[in-house]
Amino acid sequence: AQKITQTQPGMFVQEKEAVTLDCTYDTSDQSYGLFWYKQPSSGEMIFLIYQGSYDEQNATEGRYSLNFQKARKSANLVISASQLGDSAMYFCAMREGLAGGFKTIFGAGTRLFVKA
Amino acid sequence: GAVVSQHPSWVICKSGTSVKIECRSLDFQATTMFWYRQFPKQSLMLMATSNEGSKATYEQGVEKDKFLINHASLTLSTLTVTSAHPEDSSFYICSATVHGTLYEQYFGPGTRLTVT
């Protein structure tokens, strides 16, 4: 079974608008971390935001916020005020705790296109 | 965040030869390093986990005799692709972390391997 599911292969957003990228996860571990990474065409993985399973507040980092709904096991990324430079591949990832060997696994990714 | 380097950034080799890729954590001691492979337009797939001073643990389906991993020090892990074939052409990315932490993980810039 997929542990990280990103159901949107591609998304379009108008410049300056907000966009939500979906991510659901599956784990039986109580302790885990959720990440979002941006991967431009250069290939480097750019860390955007982190949410720990015990964090009660949704994480925010500048224009990025993570909508964490633990009961639903979802961790959607919200990008506000989209910019042309936001066009890239976005990966949701989960790092399980001791039960998962502290490995990080990735979803299939969502390609975001920002239109001028 | 911490800096992780990979060398080389890209390499072209002939079929049947071996290629070594280095992953270095430049400003912290990485007890654990992960190796990922990414084919074009796909996600990152975890290949193996390497802990300093011990044998690497390979994910199901990854040939340990083909992908030799050595983690000889707290700052260096190497991945050697032995007897490379064109189907091994891929983007290889390492990440460095401290075992037991959920948040602390840092990715290298990746190595693009092309086997001709």
Are more than 12 heavy atoms from other residues, nucleotides or ligands located less than 6.0 Å from atom [atom1] of [X]?
X      : atom1 : answer
E56(A) : CD    : no
H7(B)  : NE2   : no
K70(A) : NZ    : yes
E15(A) : CD    : yes
Q29(B) : CD    : no

- What are the two closest non-hydrogen atoms of Q105(B) and Y37(A), and how far apart are they? NE2-OH, 2.9 Å

- In short, G43(A) meets F91(B) closest at the heavy-atom pair O-CE2, 3.4 Å

Between [X] and chain B, with a heavy-atom cut-off of 4.5 Å, which part of the residue counts as in contact: side chain, backbone, both or neither?
X       : answer
T104(A) : both
E96(A)  : backbone
F102(A) : both

- Under 3.5 Å, is there a donor-acceptor pair between the side chain of S43(B) and the main chain of G107(A)? yes

- Show the numbers, then the answer: is there a side-chain contact (heavy atoms from CB on, under 4.5 Å) between R111(A) and K41(B)? CA-CA 10 Å; R111(A) 183 163 293 280; K41(B) 300 188 187 304; 5.5 Å; no

- Verify ring pair (Phe, Tyr, Trp, His ring centres under 6.0 Å) between F47(A) and F107(B), making sure each step is shown before the conclusion. CA-CA 9 Å; F47(A) 166 77; F107(B) 284 84; 9.7 Å; no

Would you compute the distance between atom [atom1] of [X] and atom [atom2] of [Y] and round it to the nearest 0.5 angstrom?
X       : Y      : atom1 : atom2 : answer
L102(B) : M94(A) : CG    : CE    : 11.0 Å
L44(B)  : M45(A) : CG    : CE    : 4.5 Å
Q42(B)  : M89(A) : CD    : CE    : 10.0 Å

Treating Ile, Leu, Val, Met, Phe, Trp and Tyr as nodes and any side-chain heavy-atom pair under 4.5 angstrom as an edge, say whether [X] and [Y] lie in one connected cluster.
X      : Y       : result
W36(A) : L112(A) : yes
L21(A) : V13(A)  : yes
F12(A) : L84(A)  : no
V81(B) : M47(B)  : yes
V98(B) : F34(B)  : no

Can you tell which part of [X] gets under 4.5 Å to a heavy atom of chain A, answering side chain, backbone, both or neither?
X       : result
Y106(B) : neither
S95(B)  : neither
Q38(B)  : side chain
L46(B)  : side chain

- Task: Could you walk me through whether M45(B) and I105(A) pass side-chain contact (heavy atoms from CB on, under 4.5 Å), step by step?
- Result: CA-CA 7 Å; M45(B) 298 300 298; I105(A) 54 173; over 6 Å; no

- Message: Between I93(B) and Q39(A), is there a side-chain heavy-atom distance shorter than 4.5 Å?
- Response: yes

- Given side-chain contact (heavy atoms from CB on, under 4.5 Å), test E104(B) with Y50(A) step by step and report yes or no. CA-CA 10 Å; E104(B) 302 284 342; Y50(A) 169 82; over 6 Å; no

- Task: For the residue pair Y103(B) and F35(A), categorise the inter-ring angle as parallel (less than 30°), tilted (30 to 60°) or perpendicular (more than 60°).
- Result: parallel

- Message: If you apply the rule side-chain contact (heavy atoms from CB on, under 4.5 Å), what do you find for T97(B) with R95(A), and how did you get there?
- Response: CA-CA 12 Å; T97(B) 184; R95(A) 189 171 189 190; 2.9 Å; yes

